[in-house]
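We use all heavy atoms of the structure for the numbers below, so side chains are in, but hydrogens, waters and symmetry mates are not.
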Amino acid sequence: MLGRSLVALSVLCIAWLIASATHADPTRFVPWKDGKTPPLALNDLAGSPRTLADYRGKVVIVNFWATWCEPCLAEMPSMQKLQEHFAGRVAVVAVNYGESAAKASRFLERVSVTFTVLLDPNGEAPRAWRVRLLPASYVVAPDGAVRYSVLGEIDWNGDAAVKTIAELLR
């Protein structure tokens, strides 16, 4: 079952890459209308438990990704730069979909990121967040409420992304 889901997500990931531009135009930030914030409680790469509540008071980018997703790899540097730009006020939490710590760690050696990476080997968190393709990101306001979803790869350093995040920090 997980294998079919990964194949389906892979196909959608590739289709999205072909069909969309990577710029962070304002229309890419879709207002969240699915009610309250889904739960997020997973272990990080070191095996320590983390929850979304750990980041209360910051804007959080919850990003779902996988090692086989090239657009996921492509947007990680811009997420790192966004976190650095808003140092201490923005946190990126990247949730790996369905893979082992070893596989995720090997992948992350290719990019230099300092943001939190959580492991979801059973693929349960994406169901709660209604992830349909990768990468998928959710912008959570400092009060813990999801404000926007962003489907597909974007440049998190683009003017629209920076403006959207800055508005949530006011």
(message) So Trp156 and Ile61, do their side chains get closer than 4.5 Å, heavy atoms only?
(response) yes
(request) Examine the side chains of Ser137 and Asn63 and answer whether a donor and an acceptor come within less than 3.5 Å of each other. (result) yes
(request) Please answer whether the main-chain N or O of Val146 pairs with a side-chain N or O of Thr37 as donor and acceptor at a distance below 3.5 Å. (result) yes
(message) How long is the straight-line distance from CG of Asn157 back to CE of Met79, given to the nearest 0.5 Å?
(response) 11.0 Å
(message) Checking Phe107 now: which residues fulfil ring pair (Phe, Tyr, Trp, His ring centres under 6.0 Å) with it, not counting sequence neighbours?
(response) Trp65
(message) Please report whether the ring centroid of Tyr97 lies less than 6.0 Å from that of Trp129.
(response) no
(message) Keeping Glu153 on the side-chain end and Pro135 on the backbone end, is there a donor-acceptor pair under 3.5 Å?
(response) no
(message) Between Gln83 (side chain only) and Val92 (backbone N and O only), is there a donor and an acceptor less than 3.5 Å apart?
(response) yes
(message) Please check: side-chain N/O of Asn96 versus main-chain N/O of Leu119, any donor-acceptor pairing under 3.5 Å?
(response) no
(message) Determine whether a donor-acceptor pair (N or O, by modelled atom type, separation under 3.5 Å) exists between the side chain of Arg89 and the backbone of Ala166.
(response) no
(message) Between Ser149 (side chain only) and Trp32 (backbone N and O only), is there a donor and an acceptor less than 3.5 Å apart?
(response) no
(message) When you compare the side chain of Val150 with that of Tyr138, does any pair of heavy atoms fall below 4.5 Å?
(response) no
(request) Answer yes or no: is there a donor N or O on one side and an acceptor on the other, between the side chain of Asp143 and the main chain of Ala145, under 3.5 Å? (result) yes
(request) Show your working on side-chain contact (heavy atoms from CB on, under 4.5 Å) between Leu52 and Val93 and close with a plain yes or no. (result) CA-CA 9 Å; Leu52 194 54; Val93 177; 5.5 Å; no
(request) I would like to know whether Leu108 and Leu45 meet side-chain contact (heavy atoms from CB on, under 4.5 Å); could you show each step before the answer? (result) CA-CA 11 Å; Leu108 292 169; Leu45 285 172; 3.7 Å; yes
(request) Determine, step by step, whether Val140 and Tyr148 satisfy the side-chain contact (heavy atoms from CB on, under 4.5 Å) criterion, reporting the C-alpha distance in whole Å, the side-chain angles of both residues, the deciding distance to 0.1 Å, and the verdict. (result) CA-CA 7 Å; Val140 180; Tyr148 301 102; over 6 Å; no
(request) Would you give the length of the straight line joining atom CD of Glu167 to atom CZ of Arg147, rounded to the nearest 0.5 angstrom? (result) 11.5 Å
(message) Does anything in residues 40-61 form a salt bridge (Lys or Arg N to Asp or Glu O under 4.0 Å)? List the pairs, not counting sequence neighbours.
(response) Asp44-Arg50
(message) Check whether Arg110 reaches the backbone of Arg106 with its side chain - one donor and one acceptor, N or O, closer than 3.5 Å.
(response) no
(message) Between Ser112 and Gln80, is there a side-chain donor-acceptor contact under 3.5 Å, judged purely by atom types and distance?
(response) no
(request) Check for a donor-acceptor pair, side chain of Glu99 on one end and backbone N or O of Thr67 on the other, with a separation under 3.5 Å. (result) yes
(request) Could you walk me through whether Val62 and Val95 pass side-chain contact (heavy atoms from CB on, under 4.5 Å), step by step? (result) CA-CA 7 Å; Val62 178; Val95 180; 4.2 Å; yes
(message) Could you check whether any side-chain heavy atom of Asn43 comes within less than 4.5 Å of a side-chain heavy atom of Leu118, counting everything from C-beta outward?
(response) no
(message) Counting C-beta onward and ignoring hydrogens, is there a side-chain heavy-atom pair between Val59 and Val139 closer than 4.5 Å?
(response) yes
